[in-house]
Novice: 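Next up is a structure, given as structure tokens.
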Amino acid sequence: ADGELPRFQITEKKYDVSFFGSWIPQGDRQTWLAEINKTNPVKVFSWNYKDWPKEFDADPAVYGAEFNKKVAESKICLGFSVEPNCWGYWSNRTGKTLLAGGFLLQQYAPGMELFLRDGIEYFSSIEEAREKIDHYLIAETERIEIAKRGNEIGQARFTSKARVKDLMILIERYLKIGGKGWQI
């Protein structure tokens, strides 16, 4: 994600719960979002917004500064990955949401805690997602503090510059030993 995009400080939120992603039948997202939407309406921004069931309020996807603005207008940004059980894998919107200063409530994937620590909130079931949504919709101070920590983590770990530094270390190490013994 580009750490140079503007970060908006919007105090009046338009959306309680937002989701920035696709309607695809992978992972838990379709089933879980449909259930969550029954008790906590989810505002959707998606490239395939016309494919979403009519129960959802879905609009076209937003990118760049407009993505950051919509994140700032949201109290809670829900996150789902394609495969929630794959260690170390999660959506690229995770870093983008943190850099935009958003509060991210993300379906847990193993290893996330090592990178994202307490800069986001996690859930592992529909019931837990609903409980945390209900809690964080009213716990504004706590929500803001977590989003602030998330933004600090995002700045340190998820900008393009930070990731290039990581890759340069990896490349240098690989070149020094010629990849001997590596299993990639």
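One-based numbering along the sequence shown.
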Novice: Looking at NZ of K148 and CG of L98, how far apart are the two atoms once the value is rounded to the nearest 0.5 Å?
Specialist: 15.0 Å

Novice: Measure the CD-OG distance between Q30 and S22 for me, rounded to the nearest 0.5 Å.
Specialist: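 Nearest 0.5 Å value for the CD-OG distance: 10.0 Å.
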
Novice: Using the rule that two of Ile, Leu, Val, Met, Phe, Trp, Tyr join whenever any of their side-chain heavy atoms come within less than 4.5 Å, decide whether L167 and I177 are in one cluster.
Specialist: yes

Novice: So how far is it from E55 CD to L33 CG, rounded to the nearest 0.5 Å?
Specialist: 12.5 Å

Novice: Cut-off 3.5 Å, side chains only: do W23 and S46 have a donor facing an acceptor?
Specialist: no

Novice: Assess whether side-chain contact (heavy atoms from CB on, under 4.5 Å) is satisfied between I146 and D118, documenting all intermediate values.
Specialist: CA-CA 7 Å; I146 293 169; D118 62 348; over 6 Å; no

Novice: Quick check, are the ring centers of F45 and Y63 under 6.0 angstrom apart?
Specialist: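 Ring-ring flag for F45/Y63: false, centres at least 6.0 Å apart.
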
Novice: Could you tell me whether K69 atom NZ has more than 12 heavy atoms of other residues or ligands within 6.0 Å of it?
Specialist: no

Novice: Can you find a pair of side-chain heavy atoms, one from F158 and one from I153, that are under 4.5 Å apart?
Specialist: yes

Novice: Looking just at side-chain N and O atoms, do D16 and N40 make a donor-acceptor pair shorter than 3.5 Å?
Specialist: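 Judged by distance alone, the side chains do not pair up.
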
Novice: Decide whether a cation-pi geometry holds between K54 and F56; the criteria are a distance under 6.0 Å from NZ or CZ to the six-membered ring centre and an angle within 45° of the ring axis.
Specialist: no

Novice: Give a yes or no on whether the backbone of A100 and the side-chain of N68 come within a donor-acceptor separation of less than 3.5 Å.
Specialist: no

Novice: List the atom of A129, the atom of I36, and the distance in Å for their closest heavy-atom pair.
Specialist: CB-CD1, 3.7 Å

Novice: Which heavy-atom pair separates G101 from A147 by the least distance, and what is that distance?
Specialist: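 Smallest interatomic distance, heavy atoms only, reads O-CB, 3.6 Å.
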
Novice: How are the rings of F123 and F80 set to each other: parallel, tilted or perpendicular (split at 30° and 60°)?
Specialist: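 Correct class here is perpendicular.
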
Novice: Looking at K43 and D57, what are the two nearest heavy atoms and their distance?
Specialist: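 Shortest heavy-atom contact: NZ-OD1, 3.0 Å.
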
Novice: Given 3.5 Å as the limit, does a donor-acceptor pair link the side chain of E145 with the main chain of T141, or not?
Specialist: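 Not confirmed, E145 side chain does not pair with T141 backbone.
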
Novice: Are L104 and T94 side-chain neighbours, meaning at least one heavy-atom pair lies under 4.5 Å?
Specialist: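 In contact.
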
Novice: Return yes if some donor-acceptor pair links the side-chain N/O of S18 with the main-chain N/O of C77 below 3.5 Å, else return no.
Specialist: no

Novice: Could you go through Y136 and K75, starting from their C-alpha distance and side-chain angles, then the distance that decides it, and tell me whether this counts as side-chain contact (heavy atoms from CB on, under 4.5 Å)?
Specialist: CA-CA 8 Å; Y136 286 109; K75 290 180 182 178; over 6 Å; no

Novice: Distance-only, no hydrogens or angles: does the S81 side chain make a donor-acceptor pair with backbone N or O of P84 under 3.5 Å?
Specialist: no

Novice: State yes or no: do L116 and W87 share one hydrophobic cluster built from I, L, V, M, F, W and Y residues joined by side-chain heavy-atom distances below 4.5 Å, directly or via other members?
Specialist: yes

Novice: May I have the step-by-step check of side-chain contact (heavy atoms from CB on, under 4.5 Å) for V44 and W52, ending in yes or no?
Specialist: CA-CA 9 Å; V44 174; W52 284 72; 3.5 Å; yes

Novice: Which heavy-atom pair separates P41 from N37 by the least distance, and what is that distance?
Specialist: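 Closest approach of P41 to N37: CA-OD1, 3.3 Å.
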
Novice: Considering non-hydrogen atoms only, spot the tightest contact between C86 and A109 and give its length.
Specialist: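 Looks like O-CB, 4.3 Å.
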
Novice: Could you tell me the separation between the CG atom of L137 and the NZ atom of K132, rounded to the nearest 0.5 Å?
Specialist: 14.0 Å

Novice: Given H135, which of E121, E142, R130 fulfils the side chain to side chain donor-acceptor pair (under 3.5 Å) condition?
Specialist: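 Exactly one candidate clears the test, E142.
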
Novice: Spell out, yes or no, whether I144 and I138 are grouped together once hydrophobic residues are joined by side-chain heavy atoms under 4.5 Å, including indirect joins.
Specialist: no

Novice: Yes or no on salt bridge (Lys or Arg N to Asp or Glu O under 4.0 Å) for E35 and K38, after CA distance, side-chain angles and deciding distance?
Specialist: CA-CA 5 Å; E35 287 302 313; K38 290 177 183 177; 2.8 Å; yes

Novice: Would you call M168 and V164 a side-chain contact if the rule is heavy atoms closer than 4.5 Å?
Specialist: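 Heavy-atom side-chain distance check passes, below 4.5 Å.
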
Novice: Do the ring planes of Y108 and Y122 sit parallel (below 30°), tilted (30 to 60°) or perpendicular (above 60°)?
Specialist: perpendicular

Novice: Has E83 got more than 12 heavy atoms of other residues, nucleotides or ligands less than 6.0 Å from its CD?
Specialist: yes

Novice: Determine whether I76 and I126 fall in the same hydrophobic cluster, where Ile, Leu, Val, Met, Phe, Trp and Tyr are linked whenever their side-chain heavy atoms lie under 4.5 Å apart.
Specialist: yes

Novice: Heavy-atom count check: over 12 atoms from other residues, nucleotides or ligands less than 6.0 Å from K13 NZ?
Specialist: yes

Novice: Do side-chain atoms of E113 reach the backbone of G111 as a donor and acceptor pair under 3.5 angstrom?
Specialist: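 Yes: the side chain of E113 pairs with the backbone of G111.
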
Novice: Check for a donor-acceptor pair, side chain of R157 on one end and backbone N or O of G95 on the other, with a separation under 3.5 Å.
Specialist: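 No; judged by distance alone, with no hydrogens or angles, the pair does not exist.
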
Novice: Are any non-hydrogen side-chain atoms of I133 and L78 less than 4.5 angstrom apart?
Specialist: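 SC-SC contact between I133 and L78 confirmed.
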
Novice: Can K70 and F20 be said to form a side-chain contact (heavy atoms from CB on, under 4.5 Å), step by step?
Specialist: CA-CA 9 Å; K70 295 299 182 192; F20 301 86; 3.7 Å; yes

Novice: Taking all non-hydrogen atoms of both residues into account, name the closest pair between I10 and E73 and its distance.
Specialist: CD1-CG, 3.6 Å

Novice: With a 4.5 Å cut-off on side-chain heavy-atom distances among I, L, V, M, F, W and Y, is there a chain of contacts connecting V62 to V71?
Specialist: yes

Novice: What is the distance from atom CH2 of W32 to atom CD of E128, rounded to the nearest 0.5 Å?
Specialist: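 Rounded to the nearest 0.5 Å, the CH2-CD separation comes out at 8.5 Å.
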
Novice: So which of R117, Q106, Q107 actually passes side-chain contact (heavy atoms from CB on, under 4.5 Å) with M112?
Specialist: Q106

Novice: Does T97 reach the side chain of F67, with side-chain heavy atoms less than 4.5 Å apart?
Specialist: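 Of all side-chain heavy-atom pairs linking F67 with T97, at least one is under 4.5 Å.
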
